[in-house]
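The basis for the numbers below is simple: all heavy atoms, side chains too, and nothing from hydrogens, waters or symmetry mates.
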Amino acid sequence: LKRKKISVIGAGFTGATAAFLAAQKELGDVVLVDIPEAENPTKGKALDMWEAAPVQGFDSYVKGTSNYEDTANSDVVIITAGVARKPGMSRDDLVQINQKVMKSVSSQIAKYSPNSTIIVLTNPVDAMTYTVYKETGFPKNRVIGQSGVLDTARFCAFVAEELNISVKDIRGFVLGGHGDTMVPLTRYSYAGGIPLEKLIAPERLEEIVQRTRVGGGEIVNLLGNGSAYYAPAAAIIEMAEAIIKDQKRVLPSIAYLEGEYGYDGIYLGVPTLLGADGVEKIFELDLTENEKAALDVSAQAVRDVMTVLE
Ligand code: APR
């Protein structure tokens, strides 16, 4: 069996962390890419990771580069390139700068890895995923955005802490855009199969939901000069693993909607089946009136950002 190849575009905090996780999990050989001005630090980070291989015993080679030829024939490409938030900024403040980055990165991926599946992390992620979809011309199932895995992880972490129950037993469920307008479906959230609504009082559950919504901002404020990267990197690698190993995981993805949930022509977070063909299925659930109204707000927020796209 030929070894898989994962390219990570953007060798900053998130990209480097994701690359190291991919190598440690032996998802395949890893190529870490950044702009020519950052070639040396990128090579240095990759070499540093590769030098951990003998200690940790992983057989993934890690290469740092600014040359897209090195990414040729990647199975999965992860995009974390662009600028991150600083305190006081919203994800949407990043749209114009990061859209330019998405355009240049997309053309290189389409040229060198036309059969790859792309997972986008760069914010504002719903609109950036749409940009990559348009610019690459790839089929919709092979251009995916990450937000729900991270939002769910944050929710589950807070719930595990609240109940003093292992994170392994907590399951959350989030729909919609990333962060502030996300729609957590607490009625689909469990601890060891027990609905959370039976374990946590409604007001307290709502507080946890609210903390989850602004979870990215909480980290931005604590870090002081950048945005979260450990949990985002872990989230994107869970999606990459599902695709590379054809695991058929049910995970929330930012997927292109053509009528699902009543929306057309936008990328939005929905429950998906992730396997070798990327988004192999979108699960449509019946929503209550309140949930649908919240999802409408989320979809509108994504559309508002999309109107700024050039
Ligand atoms: N091609 C490749 N890399 C690029 C490009 C480009 N055109 N433009 C910028 N980069 C690189 C930067 O040089 C930098 O190394 O992207 C990297 C971004 O890294 P950080 O600044 O550390 O940002 P990070 O915290 O990793 O966040 C990256 O992910 O979660 C999102 O909102 C976050 O949009 C942000 C992205």
Side-chain angles (χ1 to χ4, degrees), residues 3-35 38 41-53 56 58-66 68 70-71 74-85 91 94 98 101-102 105-106 108-109 113 116-123 125 128-129 132 142-154 178 215-216 219 223 226-245 247 249 251-254 274 278:
R3 217 183 265 186
K4 298 284 186 181
K5 183 168 177 179
I6 300 110
S7 289
V8 181
I9 318 298
F13 285 105
T14 319
T17 309
F20 198 37
L21 283 173
Q24 287 171 320
K25 282 177 159 278
E26 293 189 316
L27 296 189
D29 287 335
V30 180
V31 181
L32 188 58
V33 186
D34 210 294
I35 51 177
T42 304
K43 284 185 167 164
K45 287 177 196 181
L47 179 60
D48 194 10
M49 289 179 208
W50 169 236
E51 287 168 358
Q56 297 197 305
F58 58 78
D59 278 318
S60 299
Y61 186 66
V62 190
K63 183 184 178 86
T65 186
S66 65
Y68 278 87
D70 293 321
T71 68
S74 294
D75 296 284
V76 168
V77 178
I78 292 171
I79 303 181
T80 73
V83 294
R85 282 201 281 172
R91 291 184 182 87
L94 309 172
N98 285 349
V101 174
M102 291 309 103
V105 166
S106 294
Q108 299 292 334
I109 298 171
S113 298
S116 60
T117 299
I118 303 175
I119 315 175
V120 181
L121 193 92
T122 302
N123 276 310
V125 64
M128 293 304 104
T129 309
V132 173
R142 290 201 281 115
V143 181
I144 312 166
Q146 187 298 124
S147 74
V149 175
L150 172 59
D151 289 331
T152 309
R154 286 186 173 139
H178 190 26
I219 305 282
L223 293 182
S227 59
Y229 53 99
Y230 288 113
I236 207 155
I237 290 304
E238 184 172 44
M239 295 174 77
E241 184 173 23
I243 294 163
I244 281 173
K245 296 185 178 169
Q247 286 174 327
R249 297 283 313 273
L251 294 174
S253 303
I254 297 175
L274 283 190

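Considering CG of L274 and OG1 of T117, their distance stands at 9.5 Å, rounded to 0.5 Å. Rounding to the nearest 0.5 Å places OG of S113 at 6.5 Å from NZ of K5. How far OG1 of T14 is from CD of Q146: 10.5 Å, rounded to the nearest 0.5 Å. The CE atom of M49 sits 11.5 Å away from atom CD of E51, with the distance rounded to the nearest 0.5 Å. With values rounded to the nearest 0.5 angstrom, N123 atom CG is found 9.0 Å from S147 atom OG. Considering CD1 of I109 and CD1 of I118, their distance stands at 4.0 Å, rounded to 0.5 Å.
Put simply, the side chain of T129 does not reach to within 4.5 Å of the side chain of I119, judged on heavy atoms. The closest side-chain heavy-atom distance from T122 to M102 is below 4.5 Å. In this structure the side chain of V33 never reaches within 4.5 angstrom of the side chain of V8, judged on heavy atoms. A 4.5 Å side-chain heavy-atom check between I6 and I78 finds at least one atom pair inside the cut-off. At a threshold of 4.5 Å between non-hydrogen side-chain atoms, the residues V30 and Y61 do not count as touching. Within the 4.5 Å cutoff, no side-chain heavy atoms of K4 are placed close to those of L27. Annotation: side chain of M239 is in contact with side chain of V149 (closest heavy-atom distance under 4.5 Å). The closest side-chain heavy-atom distance from L150 to H178 is below 4.5 Å.
Among all heavy-atom pairs drawn from G278 and I243, the shortest one is CA-CG1, 4.3 Å. Heavy atoms only, all atoms of each residue included: A228 and R154 are closest at CB-NH2, 3.4 Å. Closest approach of A46 and G64 over heavy atoms only: CB-N, 3.1 Å. When all heavy atoms are compared, the tightest approach of L121 to I236 is CB-CD1, 3.5 Å. Looking at every heavy atom in both residues, L32 comes nearest to G15 through CD1-O, 3.9 Å. When all heavy atoms of A81 and V101 are compared, the pair lying nearest together is CB-CG1, 3.7 Å.
A donor-acceptor contact closer than 3.5 angstrom is absent between the side chains of D34 and T42.
Ring geometry, F58 versus F20: the interplanar angle exceeds 60°, so the pair is classed perpendicular (tilted spans 30 to 60°).
Distance alone, capped at 3.5 Å, places no donor-acceptor pair between the K43 side chain and the K63 backbone.
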side-chain hydrogen bond (donor to acceptor under 3.5 Å, both in side chains), that's the test. Do S74 and S7 meet it? Break it down for me. CA-CA 6 Å; S74 294; S7 289; 2.7 Å; yes

Stepwise side chain to side chain contact (heavy atoms under 4.5 Å, CB included) test for T80 and Y229: CA-CA 10 Å; T80 73; Y229 53 99; over 6 Å; no

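Electrostatic pairing of R249 and E238 counts as a salt bridge here, judged by a charged N lying under 4.0 Å from a carboxylate O. A salt bridge links D29 with R3: the distance from a Lys NZ or Arg NE/NH1/NH2 to an Asp or Glu carboxylate oxygen falls below 4.0 Å.
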